[in-house]
Amino acid sequence: MWKIEGIPASAGIAIGQIMHIEESVSDFSRVVDPSEISKEKERFLAAQQVAETELDALQERTALTVGEHQAEVFAAHKLMVQDPSLVDAVFEEIQTNCASAEAAVETAAEAIASMFASMDNEYMRERAADIKDIAKRLVRILQGKVDDVQYTGILVAQDLLPSDTACIDFDCVSGFITALGGKTSHSSILARAAGLAAVVGVGNVIEKLNNGDMVIIDGHVGQVLVNPEESVLEEYRQRMLAEQARIAALAEISHLASVTIDGHHIEVASNIGTPADMKKVLEAGADGVGLFRTEFLFLDKTSVPTEEEQVESYRAVLTAAPDKKIVIRTLDAGGDKQLPFIGGLKEENPALGLRAIRLCMVYKDIFKTQLRALLRASVEGNLHIMFPMIATLDELLDAKALLKEVADELTKEGVPHRADVPVGIMIEVPSAAVIADILAPEVDFFSIGTNDLVQYTMAADRMNEHVAWLSDYFQPPVIRLIANVAKAAQEHGKWVGMCGEMAGDSLATPLLVGLGLTELSMNARSVPMVKNLVRKLTVEQAKEWAKQVLILRTTAEIKGKLEEINKSFEL
Ligand code: PEP
Ligand code: MG
């Protein structure tokens, strides 16, 4: 037996045999006779059309099997296939170098991919994988091959491309191992959405894995055990079965109310990226939506979604659960989520740049359209509006003033909307956490975004695996900021929740409840587990634990204490 260490991209244990995703073989001639130049261009245009049809079909299939949000990547691929800069580069290569259509596609795509790969922005860097994926598809089509491989077991690849994953029957696959990628790469996102164990970023060691090798993936710790002894296999089989049984048992009782033993309701809500995610939210027994990341309606689009389009999306979410609280966050673009239609911004540090509310207050037309759409949809349910990345009181007051301006315009136009929509902010910039007492009188609620709060407090890029030990929400300064925010909210009679990754970590639940949080919003898969834990707590005891945790000095001490607390429950 030997071990591979990587990034734990999707929790869970998977046991199975390795199957490498086949790389396409470049067995075509690279140059053609000058007399064939126009024929090659026509071959490319024909392949482009087939690719578009395939991508439409893939989008439809993925929307049905995995989810609409995951399927959107194929709409983006279609745009890339049609992109004039790709077409121009391919034609140029055919024309000047007498390249075959296949060779021209490879060369043009490599140039575009390396341009993406050299960008500062993580989101744009990851587009390099998309362009390679498109090239692979076009070359395959040009060679007259069809996409018909049946993948089973544990998949191994350099990077799992979206089109590879769309061809996978998830009932036959139990996990992924990839050489490249981080927690935000497509493969990781997909693995988490599909509930598969995954370890990514393991490097070239994948070349030492042979088809048929037996492996255990431990997606909790980011470890792969290759050709384990029978005793190890048996141990993990037992762990896997116990995990599956636990998930099934928790799902059975996930509709029960998340009320502590001493009668306090802790809302266990879910985070969503598109209206289609509401199905999973309701199935998971979530109390509502604590974070709708509306930027997903804007990314991968060539223009700003219209007011009507947005009203339709917000309405769809609100009407899916009219009696539940739905927190919709206004556009959090910029940083690692660049909008294709706001170009030309060259920032040295995009995470510290024109992002979220800062960007919205510059591009006021885009922001006002979104606010109008939100207010119009508000009549359909229990909408809460939330502003991201608030760092100062002025930003909050300016955003609220703009919301009021939009509401007044709607009133003047006689357009129905609710006048009493609660307005809150994300606490994800340390400055906001420090002045929570100044911000609290101006909001209806706070929602703590630990993903960014950790990155900005610890000065550690949330995408950078080299500083992963700092990017930990159990760092004492992060816990102290959370405590400060909760205290300020309570003193001003406002509720405080959390929608960062920490909210879905059951190790943190007793601490967060003890600090006074009354809403936790997470990935739908974590809802049953956290709800179950809430039902075993008393707020009284949790407060006592929180006090004990607040005086600990290191992450290790904090995790140790929380593990000890968790062990005291029959989960
Ligand atoms: C956060 O920062 O914790 C958060 C929930 O926002 P996002 O992950 O979308 O930046
Ligand atoms: Mg954030």
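If you read the sequence from its start, that first residue is 1, and numbering goes on from there. Reckoned from all heavy atoms, side chains included, excluding hydrogens, waters and symmetry mates.
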query: Say you draw a straight line from CD1 of Ile427 to CG of Leu481; how long is it, rounded to the nearest 0.5 Å?
result: 10.0 Å
message: Whether the side chain of Thr509 engages the backbone of Val530 through a donor-acceptor N/O pair (distance < 3.5 Å, no angle test) should be reported.
response: no
message: Run Lys487 and Glu491 through salt bridge (Lys or Arg N to Asp or Glu O under 4.0 Å) and show every step you take.
response: CA-CA 6 Å; Lys487 184 166 167 278; Glu491 282 172 2; 3.5 Å; yes
- request: Run the salt-bridge test on Glu564 and Lys561 with the 4.0 Å N-O cut-off and return the result as yes or no.
  value: yes
message: Looking at Arg355 and Asp332, is any side-chain nitrogen of the basic one under 4.0 Å from a carboxylate oxygen of the acidic one?
response: yes
query: Judged by atom type as modelled, is there a donor-acceptor pair below 3.5 Å linking the side chain of Glu428 to the main-chain atoms of Met389?
result: yes
- request: Give a yes or no on whether the backbone of Arg462 and the side-chain of Ser471 come within a donor-acceptor separation of less than 3.5 Å.
  value: no
query: Can you check whether Met498's main-chain N or O pairs, donor with acceptor, with Ser521's side chain at less than 3.5 Å?
result: no
message: Would you call the rings of Phe387 and Phe367 parallel, tilted or perpendicular, taking 30° and 60° as the class edges?
response: perpendicular
- prompt: About how many Å separate CG of Leu533 and CZ of Phe569, when rounded to the nearest 0.5 Å?
  reply: 5.5 Å
message: I'd like to know if Arg237 pairs up with Glu234 as an ion pair, taking the criterion as any Lys NZ or Arg NE/NH1/NH2 lying under 4.0 Å from an Asp or Glu carboxylate oxygen.
response: yes
field: Close side-chain approach of Val327 to Leu291, heavy-atom, < 4.5 Å
entry: no
message: Donor-acceptor check, side chain of Lys400 to backbone of Glu442, threshold 3.5 angstrom: yes or no?
response: yes
message: If you compare all heavy atoms of Thr392 against all heavy atoms of Ile390, which two are closest, and at what distance to 0.1 Å?
response: O-CG2, 3.5 Å
- prompt: Is a side-chain N or O of Lys494 found less than 3.5 angstrom from the main chain of Phe446, in a donor-acceptor match?
  reply: no
- request: Over all heavy atoms of both residues, which pair between Thr457 and Pro430 is shortest? Give the atoms and the distance, please.
  value: OG1-CG, 3.4 Å
message: Assess the residue pair Gln370 and Thr294 against the criterion (side-chain hydrogen bond (donor to acceptor under 3.5 Å, both in side chains)); give the C-alpha distance rounded to whole Å, side-chain angles, the decisive distance to 0.1 Å, and a yes or no.
response: CA-CA 9 Å; Gln370 180 173 43; Thr294 57; 3.0 Å; yes
query: Between Trp495 and Phe445, how do the two ring planes meet: parallel, tilted or perpendicular, split at 30° and 60°?
result: parallel
message: As an exercise, state the distance from CG of Asp472 to CE of Met458, rounded to the nearest 0.5 Å.
response: 8.5 Å
message: Looking at every non-hydrogen atom in both residues, tell me the closest pair between Phe292 and Gly273 and how far apart they are.
response: CE1-O, 3.3 Å
- request: Considering non-hydrogen atoms only, spot the tightest contact between Ala524 and Ala284 and give its length.
  value: O-CB, 3.4 Å
query: Salt bridge between Glu308 and Arg376, side-chain N to carboxylate O under 4.0 Å?
result: yes
query: Side chains of Glu72 and Gln59: donor-acceptor distance under 3.5 Å anywhere?
result: no
statement: Correct closest heavy-atom pair for Val496 and Ala489 would be CB-CB, 3.9 Å
query: What's the shortest heavy-atom distance between Asn382 and Arg418, and which atoms?
result: CA-NH1, 4.0 Å
- request: Using side chain to side chain donor-acceptor pair (under 3.5 Å) as the criterion, point out the one residue from Asn451, Thr450, Asp505 that pairs with Tyr473.
  value: Asp505
Between Asp452 and Gln455, a side-chain donor and acceptor under 3.5 Å: yes
